[in-house]
Enquirer: 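Next up is a structure, given as C-alpha cells.
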Protein chains: 2
Amino acid sequence: MTDDYKSKKVISIGVVKELTGLSERQIRYNEERKLILPDRTANGTRKYSFSDVETLVKIAEKREEGVQSYEISQEMRKEKKEGEAQMRRNMIRGQLNAHFRTKR
Amino acid sequence: MTDDYKSKKVISIGVVKELTGLSERQIRYNEERKLILPDRTANGTRKYSFSDVETLVKIAEKREEGVQSYEISQEMRKEKKEGEAQMRRNMIRGQLNAHFRTKR
DNA sequence: CGTGTAAGGAATTCTGACACG
DNA sequence: CGTGTAAGGAATTCTGACACG
C-alpha cells in the first residue's frame with residue numbers, strides 16, 4: 001500500500017539467478033557495464049528489484065542477438081528519455097484536468 | 001508483466017527484518033504459529049513475499065494490543081473467507097457481463 | 001506465550017585475478 | 001567482449017535448546 005514493490009531492491013543475487021537463468025558472473029557483469037544498479041546492504045551484498053530482473057532478461061535477449069553492451073546502454077538511455085517525456089505529458093494533462101475541474 | 005510481484009516469495013529473512021523492524025526470532029515464530037508460510041529454497045532458506053511482509057506488520061500490531069496468536073489466526077481465517085466470497089461475487093458478475101455482451 | 005541467546009554447521013556472496021578468445 | 005573458475009574471507013541463515021515469565 002505504501003511502497004512500489006516492483007522497484008524496491010530486496011532480492012539477492014541467488015534469487016535473481018533463479019529468476020533470470022543467468023549466472024552470477026553474468027549478472028555482476030551487467031553492473032560493471034552500468035546496465036543495472038543494484039543497491040547494497042550494509043555489508044556489501046547486492047539487492048535487486050523486480051524491475052532489475054526484467055531489465056536483465058531484456059539485456060540477455062539483446063546480447064543473444066549479438067548486441068554489445070555499449071549499444072544496449074544507448075538504447076536504454078533512449079528508452080528512459082522517452083519514458084520521462086511521456087511522464088511529463090501525463091503530468092501536464094493531470095494539471096490541466098485539475099484546473100478545469102476546479103475553475104469551471 | 002508476467003508475475004505478481006506482491007506475492008512472489010523472493011525476500012530473505014534479513015531483508016524482512018529490515019522491512020518490518022522485527023527480530024528473526026519473531027519472524028520465525030509467526031511461521032511456527034502458521035500465521036505466515038514462507039517458501040524454502042533448495043537448501044532450506046526462507047523466502048518471503050511483500051504480502052508476507054505486510055501480514056507480519058499487521059500481526060505485530062495486533063500482538064502489541066495484546067492479542068494472542070490463536071485469535072490472530074482466527075481473524076485471518078475470517079478475513080480470508082470474506083476475501084474469497086468477494087472474489088466469487090466478482091467472478092459471477094464478470095460472467096454475467098460477458099453473457100449479456102455476447103447474447104444481446 | 002512470545003522472545004532472547006549461545007552453538008555449530010552449511011550455504012551465500014564478495015572481490016580481484018587469471019584464462020579464453 | 002563476455003563469461004568461467006579457483007581462492008579466501010566475511011556475513012547469513014538454519015535448527016534445537018535453554019531461559020524467563
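Remember, predicted model here, so these are calculated numbers, not experimental data. Residue numbers begin at 1 in each chain, while the letters A, B, ... track the order of the sequences.
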Enquirer: Rounded to whole angstrom units, what separation is found between the CD atom of Glu64(A) and the P atom of dG2(D)?
Expert: 13 Å
Enquirer: Does Arg28(A) have a side-chain nitrogen or oxygen under 4.0 Å from the phosphate oxygens OP1 or OP2 of dT5(D)?
Expert: no
Enquirer: Check this one for me: any side-chain N or O of Ser12(A) less than 4.0 Å away from OP1 or OP2 of dT13(C)?
Expert: yes
Enquirer: For dT3(D), does either OP1 or OP2 sit under 4.0 Å from a side-chain N or O belonging to Tyr29(A)?
Expert: no
Enquirer: For Thr20(A) and Gln26(A), what are the C-alpha separation, side-chain angles and deciding distance, and is it a side chain to side chain contact (heavy atoms under 4.5 Å, CB included)?
Expert: CA-CA 10 Å; Thr20(A) 61; Gln26(A) 290 174 310; over 6 Å; no
Enquirer: Carefully, step by step, assess Val10(B) and Phe50(A) under the rule side chain to side chain contact (heavy atoms under 4.5 Å, CB included).
Expert: CA-CA 10 Å; Val10(B) 297; Phe50(A) 282 112; 3.7 Å; yes
Enquirer: If you assign Glu24(B) and Ser23(A) each to the DNA chain D nucleotide with the nearest heavy atom, which residue ends up on the more 5' nucleotide?
Expert: Ser23(A)
Enquirer: dT13(D), OP1 or OP2 - any side-chain N/O from Arg46(B) closer than 4.0 Å?
Expert: no
Enquirer: Does dG2(D) have OP1 or OP2 sitting under 4.0 Å from an N or O in the side chain of Ser69(A)?
Expert: yes
Enquirer: So, is Arg63(A) close to the dT3(D) phosphate, meaning a side-chain N or O under 4.0 Å from OP1 or OP2?
Expert: yes
Enquirer: Between dT12(C) and Asn43(B), is there an OP1 or OP2 to side-chain N/O distance shorter than 4.0 Å?
Expert: yes
Enquirer: What is the pairing partner of dT5(D), taking Watson-Crick or G-U wobble pairs with both distances under 3.5 Å in any strand?
Expert: dA17(C)
Enquirer: OP1 or OP2 of dG2(C) less than 4.0 angstrom from a side-chain nitrogen or oxygen of Arg25(B), does that happen here?
Expert: no
Enquirer: Please answer whether the main-chain N or O of Lys8(A) pairs with a side-chain N or O of Lys47(A) as donor and acceptor at a distance below 3.5 Å.
Expert: no
Enquirer: Going through the checks in order, is the side chain to side chain contact (heavy atoms under 4.5 Å, CB included) test met by Ile27(A) and Leu56(A)?
Expert: CA-CA 7 Å; Ile27(A) 297 167; Leu56(A) 280 169; 4.1 Å; yes
